[in-house]
Amino acid sequence: MSTLWVGTSWKMTKTLAEARAWAEGLRDHLAGAGPTGVQPFVIPSFTATTTVAGILGEDSPALLGVQNAHWEDAGAWTGEVSVPQAKDAGARIIEIGHSERREHFGETVEHTRLKVVAALRHGLTPLLCIGESAKVNEAGGSAEFILGQARGALTGLSDQELSRVLIAYEPIWAIGEKGRPATVPELIDPFAALGAVYSGRVAGLLYGGSVNLDNAAELLGIEHVTGLFVGRTAWQLDGYLELLQIARAHAESGQVEG
């Protein structure tokens, strides 16, 4: 049975006080032990990284991540954060290639490859985000497109390196405030394609895109899905804790496949 990954990225939200309250609530809820069969993780904004790290503590069952990192270890890259800096701040996961980074900041498949390699070089877990536009989806090219993104970023990795990678499939048309929640039938083929190549070879295949308390259990039931990467529903602590419980129930039912 595979571990279910359940995490959230806060994007550009939360003051330090709000981040502190959320992290304290999660710490108290977990009380040093994560839900059976579930790996929680949280990716705050950079300004809150050390605050959340200090509250959760080094031995927390919840892993801490950052939303981006540069591929170079140091240098004249104004406004960027390196993987060693992220690790020093307590991060264990590096989010890479989110569609917003690709669209608004010009990140390419080659950039994602460089960042994956950098994360692995420093012993961190790359969380590679992939996803297609509504236009690609409507043309029936979703599976081919996302496999191209994944293969481009993960080319040249050894089996051992690949086993440390997380992949999050987040169709662009299903994310954000204006996103349309994907139906289960719409996700079967993309995950079948990802599963055929990566199931059992990567640390997890996650789904993200308008995940909420009503559809989380159904999404976890899709073949090859081994986790959820959640936005707004998890920004309130109660919502995130309920998602953990949904995942725990699914894990304990024995329905999780690698």
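Everything numeric in this text was worked out from a predicted model, so none of it was measured.
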Consider only side-chain N and O atoms of [X] and [Y], and report whether a donor and an acceptor are under 3.5 Å apart.
{"X": "Tyr169", "Y": "Gln149", "answer": "no"}
{"X": "Thr233", "Y": "Asn212", "answer": "no"}
{"X": "Glu186", "Y": "Thr183", "answer": "yes"}
{"X": "Ser142", "Y": "Glu132", "answer": "yes"}
{"X": "Asn68", "Y": "His98", "answer": "no"}

Minimal non-hydrogen separation, [X] against [Y], with atom names:
{"X": "Leu237", "Y": "Gly25", "value": "CD2-CA, 3.3 Å"}
{"X": "Arg27", "Y": "Ile55", "value": "CD-O, 3.2 Å"}
{"X": "Ala86", "Y": "Ile94", "value": "CB-CD1, 3.9 Å"}
{"X": "Ala62", "Y": "Leu30", "value": "CB-CD1, 3.9 Å"}
{"X": "Ala89", "Y": "Ala53", "value": "O-CB, 3.5 Å"}

Q: Could you point out which residue of Leu127, Val66, Leu124, Leu64 forms a side-chain contact (heavy atoms from CB on, under 4.5 Å) with Ile93?
A: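 Exactly one candidate clears the test, Leu127.
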**Q.** Of Thr8, Val6, Ile43, the residue whose pairing with Phe229 passes side-chain contact (heavy atoms from CB on, under 4.5 Å)
**A.**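 Exactly one pass, corresponding to Ile43.
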Side chains of [X] and [Y], heavy atoms from C-beta outward: is any pair under 4.5 Å?
{"X": "Val225", "Y": "Leu205", "value": "no"}
{"X": "Glu18", "Y": "Thr15", "value": "yes"}
{"X": "Ser99", "Y": "Ile175", "value": "yes"}
{"X": "Val230", "Y": "Leu243", "value": "yes"}
{"X": "Pro126", "Y": "Leu120", "value": "yes"}
{"X": "Tyr198", "Y": "Arg151", "value": "yes"}
{"X": "Pro171", "Y": "Tyr207", "value": "yes"}

Q: Before giving the answer on side chain to side chain contact (heavy atoms under 4.5 Å, CB included), spell out for Asp73 and His122 the whole-Å C-alpha distance, their side-chain angles and the decisive distance to 0.1 Å.
A: CA-CA 10 Å; Asp73 288 357; His122 291 284; 2.9 Å; yes
Okay, side chain of [X], backbone of [Y]: is any donor-acceptor separation there less than 3.5 Å?
{"X": "Trp235", "Y": "Ser9", "result": "yes"}
{"X": "His250", "Y": "Leu220", "result": "yes"}
{"X": "Glu144", "Y": "Gly141", "result": "no"}
{"X": "Glu161", "Y": "Leu154", "result": "no"}
{"X": "Ser163", "Y": "Gln160", "result": "yes"}
{"X": "Ser210", "Y": "Ala174", "result": "yes"}
{"X": "Arg102", "Y": "Glu107", "result": "no"}
{"X": "Arg180", "Y": "Trp173", "result": "no"}
{"X": "Lys14", "Y": "Pro44", "result": "no"}
{"X": "Arg201", "Y": "Leu162", "result": "no"}

If you measure from [atom1] on [X] to [atom2] on [Y], what distance do you get to the nearest 0.5 Å?
{"X": "Leu114", "Y": "Arg121", "atom1": "CG", "atom2": "CZ", "answer": "9.0 Å"}
{"X": "His224", "Y": "Ser199", "atom1": "NE2", "atom2": "OG", "answer": "5.5 Å"}
{"X": "Thr49", "Y": "Gln85", "atom1": "OG1", "atom2": "CD", "answer": "11.0 Å"}
{"X": "Met12", "Y": "Thr47", "atom1": "CE", "atom2": "OG1", "answer": "10.5 Å"}

Tell me, yes or no, whether the heavy-atom count around [X] atom [atom1], taken from other residues, nucleotides or ligands under 6.0 Å, exceeds 12.
{"X": "Arg92", "atom1": "CZ", "result": "no"}
{"X": "Glu80", "atom1": "CD", "result": "yes"}
{"X": "Gln236", "atom1": "CD", "result": "no"}

(Q) Before you tell me yes or no, could you show the steps for Ile130 and Ile167 under side chain to side chain contact (heavy atoms under 4.5 Å, CB included), namely the whole-Å CA-CA distance, both residues' side-chain angles and the distance that decides it to 0.1 Å? (A) CA-CA 7 Å; Ile130 58 176; Ile167 298 176; 3.7 Å; yes
Group every Ile, Leu, Val, Met, Phe, Trp and Tyr by side-chain heavy-atom contacts under 4.5 Å, then state whether [X] and [Y] land in the same group.
{"X": "Ile246", "Y": "Leu241", "result": "yes"}
{"X": "Leu147", "Y": "Val109", "result": "no"}
{"X": "Trp5", "Y": "Leu244", "result": "no"}
{"X": "Leu63", "Y": "Leu4", "result": "no"}
{"X": "Phe46", "Y": "Val83", "result": "yes"}

Q.
Using 30° and 60° as the class boundaries, would you call the ring planes of Trp77 and His70 parallel, tilted or perpendicular?
A.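 Ring orientation of Trp77 relative to His70: tilted.
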Q. Relative to each other, are the rings of His111 and Trp71 parallel, tilted or perpendicular (30° and 60° limits)?
A.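 Taking Trp71 first and then His111, their aromatic rings lie parallel (interplane angle under 30°).
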Q. Could you go step by step and tell me if Ile96 and Val116 meet the side chain to side chain contact (heavy atoms under 4.5 Å, CB included) rule?
A. CA-CA 7 Å; Ile96 295 169; Val116 166; 3.9 Å; yes
Please determine whether a side-chain nitrogen of the Lys or Arg among [X] and [Y] lies less than 4.0 Å from a carboxylate oxygen of the Asp or Glu.
{"X": "Arg113", "Y": "Glu110", "value": "yes"}
{"X": "Glu95", "Y": "Arg101", "value": "no"}
{"X": "Glu24", "Y": "Arg20", "value": "no"}

Q: Mind running side chain to side chain contact (heavy atoms under 4.5 Å, CB included) on Leu206 and Leu166 for me, showing each step along the way?
A: CA-CA 7 Å; Leu206 285 58; Leu166 293 168; 4.0 Å; yes
